[in-house]
Protein chains: 2
Amino acid sequence: MKTAARKFKDTVYAELSKTAKALGNPHRMEIIDLLAQGPFTVETIARYTGMTIANTSQHLQVLKNAQLVAISRKGNYIYYQLTGENVYAAWTSLRELGMAHNTEVKKAIDQYRKGFHNGDAISAEALLEKVQAGDVIVLDVRPEDEYHRGHIHQAISIPLDQLQERIRELSKKQEIVAYCRGSLCMLVEEAVTLLTQHGYKARKFDEGYMDWALRGYPTAMTM
Amino acid sequence: MKTAARKFKDTVYAELSKTAKALGNPHRMEIIDLLAQGPFTVETIARYTGMTIANTSQHLQVLKNAQLVAISRKGNYIYYQLTGENVYAAWTSLRELGMAHNTEVKKAIDQYRKGFHNGDAISAEALLEKVQAGDVIVLDVRPEDEYHRGHIHQAISIPLDQLQERIRELSKKQEIVAYCRGSLCMLVEEAVTLLTQHGYKARKFDEGYMDWALRGYPTAMTM
DNA sequence: CAACTATTCAATAAAATTATTGAATAGTTG
DNA sequence: CAACTATTCAATAATTTTATTGAATAGTTG
């Protein structure tokens with residue numbers, strides 16, 4: 001026979017574990033990571049994560065049932081977004097836990113970074129100083145819509161896939177610091193490599209837009 | 001064909017999700033919650049969670065593989081403990097996320113609390129003031145070994161299962177504030193009910209020992 | 001070093017999760 | 001309101017997770 005206390009615990013832990021369970025899948029982790037940038041349609045999410053639309057939709061249902069994402073409709077499209085800051089907070093603490101304790105993660109990141117031979121990254125504090133002194137070009141290499149939703153103050157936007165053709169918009173004289181979404185976003189590595197190859201003085205930002213914003217450092221948005 | 005970037009993401013998210021997956025089970029959540037109090041043996045964990053020893057052991061293996069717990073041996077027993085503060089931090093942010101977004105959790109907690117008719121709880125700040133003014137008896141109702149490992153400064157220990165027989169050690173004149181492990185620990189509700197029934201002026205603390213300690217409020221340990 | 005004991009392992013069956021396919025649906029737009 | 005389209009659903013098979021049982025193991029203790 002179960003005591004009332006035992007029954008209570010069973011329900012509470014069962015319910016709480018649903019949240020963790022919803023996060024406990026690679027695809028859904030990537031979706032949360034993406035949605036931290038803002039709302040996206042099912043189609044876009046599917047494209048980014050390399051899943052089929054149907055499969056993406058199913059994973060989104062799981063996240064929705066766990067109250068981690070919510071929908072809003074615009075025209076023919078349904079946009080999925082995180083239900084709150086604490087969703088990103090939880091995902092961050094899980095990510096940091098994983099990155100601290102899981103050697104495979106560290107190894108994968110190190111190895112991937114090593115593929116590019118980009119010098120050292122610049123820290124948020126150092127970048128802030130440079131931005132305030134005005135002696136740096138801050139380059140946002142994320143897709144354009146993500147830039148519009150919010151970017152580092154005075155950053156200019158050249159999405160990675162346009163960088164090759166638009167590279168001449170940049171000056172070879174000034175130092176360029178590129179950034180993207182966060183510590184797992186590797187667009188910035190490709191960008192810095194490309195810039196360096198073309199003779200630009202380019203470095204990468206240590207963290208990403210989200211971390212910058214959460215520190216309360218100056219940001220801006222278009223429209 | 002998968003790009004290098006895609007492969008990188010697949011590995012990273014797969015690895016990161018292992019951590020979340022390890023947390024995504026009711027029993028393992030309860031184990032983490034318990035281990036936040038300190039190291040325990042397999043047998044003790046099994047007793048607390050109402051599982052068989054073998055099953056407990058298997059769940060502990062899962063947590064160990066995810067690097068969330070580690071073992072240390074003392075005599076014939078193996079003690080399991082959390083591998084670091086960030087494990088508790090992640091569990092906390094998941095719990096808070098769940099409690100904020102999951103109505104079932106709220107409902108279960110409210111309903112269980114309603115079973116006891118214990119007035120309002122006292123907040124950490126208010127309790128701190130009373131402790132410093134010295135006009136309150138702080139009562140730790142957790143098992144004795146947990147008390148010894150760390151407790152609220154000047155708290156006295158009467159584990160819940162001894163409270164009935166030792167109740168006369170307390171004064172009916174002074175206000176008593178009882179506490180236990182954390183927001184999910186309901187020992188304190190039973191304690192306050194028992195005390196009130198016997199004519200003591202008893203209230204419960206809003207949060208638990210862990211939250212008190214994490215605020216940096218005064219604690220003490222025996223031995 | 002033999003006996004003991006806390007813990008783990010291995011095997012199994014039941015239950016849950018996942019990706020895929022193709023059809024169904026709901027909601028908008030002209 | 002008919003046509004369209006983004007999204008969801010339903011069914012299925014493959015995989016993974018879980019609890020149970022009883023045996024095996026490793027490590028301590030006298």
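Bear in mind that the values here come from a model prediction, so they are computed numbers and not experimental data. A note on names: the letters A, B, ... follow the listed sequences, proteins ahead of strands, and every chain is numbered from 1.
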DNA chain D in dot-bracket form (Watson-Crick or G-U pairs under 3.5 Å, [ ] crossing, | inter-strand) is ||||||||||||||||||||||||||||||
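Of all heavy-atom pairs between A/Y112 and B/A4, the closest is CE1-O, 3.6 Å.
When heavy atoms are screened at a 4.0 angstrom cut-off, B/T41 is found touching the sugar-phosphate backbone but no base atom.
One finds no salt bridge joining B/E146 and B/R149 here, because no Lys/Arg side-chain nitrogen approaches an Asp/Glu carboxylate oxygen to under 4.0 Å. Between B/R95 and B/E30 no salt bridge is recorded (no basic side-chain N to carboxylate O distance below 4.0 Å). Residues B/K114 and B/D110 are not paired through a salt bridge, judged by the lack of any N-O separation under 4.0 Å between the basic side chain and the carboxylate. Remark: B/E104 does not engage A/K18 in a salt bridge, criterion side-chain N to carboxylate O under 4.0 Å. With respect to B/D10 and B/R6, a salt bridge is recorded, a charged nitrogen being found less than 4.0 Å from a carboxylate O.
Looking at A/Q111, A/K107, A/R113 one by one, the single match for side-chain contact (heavy atoms from CB on, under 4.5 Å) with A/I109 turns out to be A/R113.
The residue among A/Q58 and A/Y77 whose nearest nucleotide of DNA chain D is located toward the 5' end is A/Y77.
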Each nucleotide N or O in nucleotides 13-18 of chain D that has a protein N or O under 3.5 Å away: list the pair and distance.
unit_1, atom_1, unit_2, atom_2, d
D/dT18, OP1, B/N25, ND2, 2.9
D/dT18, OP2, B/R28, NH1, 3.2
D/dT18, OP2, B/R28, NH2, 3.4

List, with names and distances, any nitrogen or oxygen atoms from the protein found under 3.5 Å away from nitrogen or oxygen atoms belonging to nucleotides 22-30 of chain D.
none

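Scanning for side chain to side chain donor-acceptor pair (under 3.5 Å) contacts around B/R47 gives an empty result, with sequence neighbours left out. Judged as a side-chain contact (heavy atoms from CB on, under 4.5 Å), and not counting sequence neighbours, the contacts of B/Q164 are B/L194, B/H198.
Not a single donor-acceptor pair under 3.5 Å links the side chain of A/D140 to the backbone N or O of A/Y147. Between the side chain of A/W91 and the backbone N or O of A/N86, no donor-acceptor pair lies under 3.5 Å. Under a 3.5 Å cut-off, the side chain of B/H101 and the backbone N or O of A/Q67 do form a donor-acceptor pair. Formation of a donor-acceptor pair under 3.5 Å by the A/T92 side chain with backbone atoms of A/Y88 is found in this model. Between the side chain of B/R28 and the backbone N or O of B/K21 there is at least one donor-acceptor pair closer than 3.5 Å.
Close to D/dT8, at under 4.0 Å from its OP1 or OP2, lies a side-chain N or O of A/Y80. An OP1 or OP2 oxygen of C/dT8 is reached within less than 4.0 angstrom by a side-chain nitrogen or oxygen of B/Q61.
For the pair A/I53 CD1 and C/dT21 C1', the computed distance is 14 Å after rounding to whole Å. Taking atom NZ of residue A/K18 and atom P of nucleotide C/dA16, one finds them 12 Å apart after rounding to whole Å. Rounded to whole Å, the distance from CD on B/E43 to P on C/dC4 is 18 Å. Rounded to an integer number of Å, the gap from B/L60 CG to C/dA6 P is 16 Å. Between B/E30 atom CD and D/dA19 atom P the separation is 12 Å, expressed in whole Å.
Contacts of residues 32-39 of chain A with DNA chain D (heavy atom under 4.0 Å): none.
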